[in-house]
**Q** 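Questions regarding the structure given below will be posed in turn.
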Amino acid sequence: MFEQSIATLAQQLRNKEISSVELTRLFLQRIQALDPQLNSFITVSDELALQQAKAADLAIANGDSSSLTGIPIAHKDLFCTQGTLTTCGSKMLNNFVPPYESTVTQRLQQAGAVMLGKTNMDEFAMGSSNENSHFGAVKNPWDVNKVPGGSSGGSAAAVAAGLTVAATGTDTGGSIRQPASFCGITGLKPTYGRISRFGMIAYASSLDQGGPMAKSAEDCAHLMQAMAGFDDKDSTSSETPKEDYLANLNAPLAGLKIGLPKEYFGEGLDAKVADTIMAAVKEFEKLGATVKEVSLPNLQLSIPAYYVIAPSEASSNLSRFDGVRFGHRCDDPKDLLDMYTRSRAEGFGTEVQKRIMVGTYALSEGYYDAYYLKAQKIRRLIKEDFVNALNEVDVIMGPVAPTTAFELGSKTNDPVAMYLEDIYTLSVNLAGIPAMSVPAGFVDNMPVGLQIMGNYFAEAKLLNIAHQYQQNTDWHLQTPTMAKGA
Amino acid sequence: MNWEVVIGLEIHTQLSTKSKLFSGAAVGFGAEPNTQTTLVDLGMPGALPVFNKEALRMAVMFGHAVNAEIGMTSVFARKNYFYPDLPKGYQTSQMDHPIVGKGYLDVTLDDGTTTRVGITRAHLEEDAGKSLHEDFQGMTGIDLNRSSTPLLEIVSEPDIRSAKEAVAYVKMIHSIVTYLGICDGNMAEGSMRCDINLSLRPKGQQEYGTRTEIKNVNSFRFIEKAIYTEIERQADILEDGGRIIQETRLYDPEKNETRSMRSKEDANDYRYFPCPDLLPVVLTQEYVDQIKANLPELPNQKAARFQSEYKLSEYDAQVLSASRSMAEYFEVANKVNQDPKLTANWVMGELSKLLNQSQLEITQSPVTANAFGELLARIKDNTINGKTAKDVLQAMWQGEGSADEIIDAKGLKQVTDTAAIESMIQSILDANSAQVEQYRAAEPDKQKKMIGFFVGQVMKASQGKANPSIVNPILAKMLKG
């Protein structure tokens, strides 16, 4: 049951073969049984979930349902959920119960989805291994000694282990795609502006984008139907009309032009991962696609540019956590300065503090031009690279990450190695284009994700391509052994 | 030494939009703390700003009114600093690309001379909240009602050379923003606040001296006094061979002194950068042109029209047009009595005096412009004289009715019947034969002075109702005998 697709479950719910309450109970039991090994949830909202499930059953009985009605899902713990603890993986917000609902969770709720709970994440979405959480590291369901990737590691692990049908995630530099790759699930980072950021606790506003994480492209498409679209509460939200993400899933791929950027297959890429990606590309050729090499010459610059822009924005975005109105406040502050410094020193973890300091430095008088402005110039170059490449081909394919999931603790003392994890994903956020991670095989029993990058607002196209691939492969149907244990 | 003062002003003008700059919360003064706030004004995690287009329209109106370049692409930037009443830890403002660029204003001084003050820029920004230090037992209360209230910060060039010029400039800005209807101009409630940048240099020297900035001065009178005080302070230091420290100072109106708030060394590095939550504001030429076409008549234009249309003096025209509400009052009253000079004198004189005494704005006058015009019409048609009119106005002020009703009820109509006046004069002459003898014996020069006595007696006898323009010639004739 836990391995079923959204479409199948929706059918079963409509046919009254199962009720949403039963389905919800099943997943709540799975969380209770298996999550102690994974730590993928920060909050499990049993009562609310069962309430919502009852309401969904009623809606289904009244014939008033969508494909998401009664489907249990989970939300990354940075989407504000009214009345439900929202921590952002931080001690700073370990007592924060939002008085309002984010647009993404509201839209999914209105579509009838049931919220099982809030998933673990790297603190304030800063991290590539989900080891930077105040609530402890998340483990990879394929090997609990390995990381699930980050920062949406909780969502990825929960979906992979069958603790939820699907989940929301956010992607600032790869935070949907890299954990999706490491956990063997399907994740989509939409075009910047496609999904409202209202109610999503900001890390780097010009890069953050919410998106779906699920077992298949088709399931992602179901979530996109509800999540995507203009929101007048987010000024950076796009007025470009949203597409029907389900309508073209079955369009044939004959004639599809795939570009392989040579920079994605150079030094640093694990040879077995490279072989896996090339095998996937071959599969597309069988489906009628043609392949050519393209170039993204400024790829190497994406890491320094990202690590200036994202921390700069973060240093400002995180200023509101000052102990004045919400969140952590230190005990017995002597004066204002003491309250600020101790509240923030106690409330933020090391990685967050590091990025706040980097960002503060980069924006300082005398350094702004050399760092922030230069990073913005690089950002424009990277965007041009993608625009040029996507003039030649329909989509770009490559690895999501240079390796499969690594051992817990193996990179925590080597920040540069950790930052290099994101080399293939960061540039997509800098350019603002959409990209997916699609399960494409295994290396030493760990999943490998294929990255598919498309043009602005080409989400429906990406989902179509991934779906066609999944119709002809079964990588996305593999289940980790631990998931079968309950 | 002969010092020249150099002043540049930053005026924070609160725009009179219904809702805040980046949220739908109402803007208002005096509400219960934290009742006029939304998620955005509270700086809630995940809350996002949405730009109020009405504030944009108002800023563009102002730009046109001061002959300025309009920023066709303007960009919001974050000014980062920590303060408890700054909920996001940054103020959303504009830095490199303001909505209003270079412009200028021709300012008329009291002596009738005109000076041109350059305007560097005007940018949109949100206000912070308020810290309340009393009544919280050693703690500080935060009221975020004012948070995200829209401000237009108007920055002048250092073109101002005296306190008088500074006040005239601020009055002019005040008059423009109230004319445009983009600010209520209520300085007591903080709708206009002024930062004064001031330095001294020896007369004739080209480069500027070190300046200080006096923050948040909120009345015309305080601006003038703060400038005088600061000039004196700086001059004393310089005369003694000292150096001015670049710093921010506060003006204390009770002690009439400025004192140091923080020096340049303590100044924040605001780490400005473009706000990633807001898109650049891109205007079309059509939008900008349309606002220009619909601009109301501005103070200078109105003053010029008052001179040509009503033949008023430059001074009268300037005074009457300085405030939009006074100009409107004048025009309505004048329409009733059709005597611009009379109306101008009475609006600027008697009416202004009464308003001052009652501490009322002209818009709160208990006597409407129409009713006031009717009163003046009764002077013009000789129903009453000016002296009686003042009494009638008092009665109108107390709500006793219209001019005509009061004149009727109190029997104040002037006596214009020549025969009646002649007989009244005759009985006065009879009763004062000694004075009449003296008058007739006196030189013509002296007679002019002595006639006042008889006029007084006539007015007394008529209880002020005799029309002086009729009394005077008859009296002169009858005294001759």
Side-chain angles (χ1 to χ4, degrees), chain A residues 78-80 86 88 92-93 96 98-103 124 193 196-202 204-208 231-237 309 312-313 315-327 336-337 339-341 344 359-368 372-373 376, chain B residues 21-24 34 37-53 75-92 95-96 128-129 131 133 138-144 147 264 267-281:
Chain A
L78 55 58
F79 287 101
C80 284
T86 300
C88 230
M92 182 58 90
L93 289 178
F96 179 61
Y100 76 110
E101 192 77 23
S102 78
T103 297
F124 284 99
S196 170
R197 292 187 298 113
F198 180 78
M200 221 174 91
I201 300 177
S205 315
S206 75
L207 300 162
D208 293 344
D231 177 12
D232 60 13
K233 294 203 279 290
D234 173 3
S235 309
T236 61
S237 156
I309 292 169
S312 292
E313 294 182 12
S315 71
S316 175
N317 284 334
L318 271 59
S319 292
R320 68 187 61 197
F321 304 107
D322 56 5
V324 174
R325 298 165 314 286
F326 41 73
L336 183 61
L337 188 65
M339 183 177 87
Y340 282 156
T341 49
R344 288 167 67 82
T360 302
Y361 181 81
L363 290 176
S364 295
E365 210 178 321
Y367 299 100
Y368 179 81
Y372 186 81
L373 278 190
Q376 291 292 5
Chain B
L21 188 55
F22 297 117
S23 88
N34 299 310
T37 54
T38 65
L39 305 166
V40 180
D41 320 310
L42 295 171
M44 274 287 161
L48 294 172
V50 177
F51 179 37
N52 182 341
K53 296 291 189 304
V75 176
F76 284 105
R78 292 185 184 175
K79 179 180 180 179
N80 295 284
Y81 64 97
F82 284 95
Y83 205 71
D85 60 26
L86 187 70
K88 299 189 294 296
Y90 56 84
Q91 178 190 25
T92 309
M95 185 61 184
D96 291 335
S131 294
H133 298 291
M139 309 273 274
T140 298
I142 306 294
D143 176 9
L144 294 174
S147 166
K264 193 193 173 194
N268 281 306
D269 175 355
Y270 291 120
R271 292 171 283 122
Y272 278 99
F273 75 107
C275 179
D277 286 331
L278 291 159
L279 300 174
V281 182

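Here is the naming used below: chain letters follow the sequence lines, and residue numbers restart at 1 for every chain.
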**Q** Only pairs of heavy atoms separated by less than 4.5 Å count here; which of A:Ala202, A:Ser364, A:Ser206 has the most with chain B?
**A**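 Heavy-atom pairs under 4.5 Å are most numerous for A:Ser364.
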
**Q** At a heavy-atom separation under 4.5 Å, does A:Pro99 approach chain B through its side chain, its backbone, both, or neither?
**A**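 Interface part for A:Pro99: side chain.
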
**Q** So, A:Ser235 side chain and B:Leu48 main chain: donor-acceptor pair closer than 3.5 Å or not?
**A**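 It does not hold such a pair.
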
**Q** Could you grab the distance from atom CG of A:Leu337 to atom CZ of B:Phe82, nearest 0.5 Å is fine?
**A**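 One finds 10.5 Å between CG of A:Leu337 and CZ of B:Phe82.
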
**Q** Looking at every non-hydrogen atom in both residues, tell me the closest pair between B:Leu279 and A:Thr236 and how far apart they are.
**A**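 So the minimum-distance heavy-atom pair works out to CD2-CG2, 4.2 Å.
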
**Q** Which atoms of A:Phe96 come close to chain B, meaning under 4.5 Å heavy atom to heavy atom: side chain ones, backbone ones, both, or neither?
**A**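 Interface part for A:Phe96: side chain.
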
**Q** B:Leu42 versus chain A, heavy atoms under 4.5 Å apart: side chain, backbone, both or neither?
**A**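 Only the backbone of B:Leu42 comes within 4.5 Å of chain A.
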
**Q** Show your working on side chain to side chain contact (heavy atoms under 4.5 Å, CB included) between A:Cys80 and B:Met44 and close with a plain yes or no.
**A** CA-CA 10 Å; A:Cys80 284; B:Met44 274 287 161; over 6 Å; no

**Q** Run the side chain to side chain contact (heavy atoms under 4.5 Å, CB included) check on A:Arg325 and B:Ile142 step by step: do they pass?
**A** CA-CA 9 Å; A:Arg325 298 165 314 286; B:Ile142 306 294; 5.8 Å; no

**Q** Using 30° and 60° as the class boundaries, would you call the ring planes of B:Phe273 and A:Tyr372 parallel, tilted or perpendicular?
**A**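 Perpendicular, since the angle between the ring planes exceeds 60°.
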
**Q** Given a strict heavy-atom distance threshold of 4.5 Å, which part of A:Tyr367 is in contact with chain B: side chain, backbone, both, or neither?
**A**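 For A:Tyr367, neither part sits under 4.5 Å from chain B.
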
**Q** Go through the atoms of A:Leu336 and report whether side chain, backbone, both or neither lie under 4.5 Å from a heavy atom of chain B.
**A**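 The side chain, not the backbone.
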
**Q** Dump the intermediate steps for side chain to side chain contact (heavy atoms under 4.5 Å, CB included) on B:Leu39 and A:Phe198, then the final yes or no.
**A** CA-CA 11 Å; B:Leu39 305 166; A:Phe198 180 78; 3.9 Å; yes

**Q** What distance do B:Asn80 atom CG and A:Ser315 atom OG have between them, rounded to the nearest 0.5 Å?
**A**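 It comes to 6.0 Å.
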
**Q** Counting heavy-atom pairs closer than 4.5 Å to chain A, which one of B:Gly24, B:Gly89, B:Ser23 comes out on top?
**A**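 Result: the option with the highest number of such pairs is B:Gly89.
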
**Q** Where on A:Ser312 is there a heavy atom nearer than 4.5 Å to chain B: the side chain, the backbone, both, or neither?
**A**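 The backbone, not the side chain.
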
**Q** Measure from the side-chain N and O atoms of B:Asp269 to the backbone N and O of A:Glu365, and report whether any donor-acceptor pair falls under 3.5 Å.
**A**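 Side chain of B:Asp269 to backbone of A:Glu365: a pair is present.
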
**Q** Step by step, work out the side chain to side chain contact (heavy atoms under 4.5 Å, CB included) result for B:Arg78 and A:Asn317.
**A** CA-CA 10 Å; B:Arg78 292 185 184 175; A:Asn317 284 334; 2.8 Å; yes

**Q** Measure distances from B:Tyr272 to the heavy atoms of chain A and classify the residue's part below 4.5 Å as side chain, backbone, both or neither.
**A**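 Answer is backbone: N, CA, C or O of B:Tyr272 sit under 4.5 Å from chain A.
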
**Q** Which bit of A:Ser316 comes within less than 4.5 Å of chain B, counting heavy atoms only: side chain, backbone, both or neither?
**A**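 Contact with chain B involves both backbone and side-chain atoms of A:Ser316.
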
**Q** Of all the heavy-atom pairs spanning A:Phe326 and B:Pro45, show the shortest one and how long it is.
**A**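 Closest approach of A:Phe326 to B:Pro45, heavy atoms only: CZ-CD, 3.5 Å.
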
**Q** Which atom pair, heavy atoms only, marks the closest approach of B:Pro274 to A:Tyr368?
**A**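 The pair with the smallest heavy-atom distance is CD-OH, 3.4 Å.
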
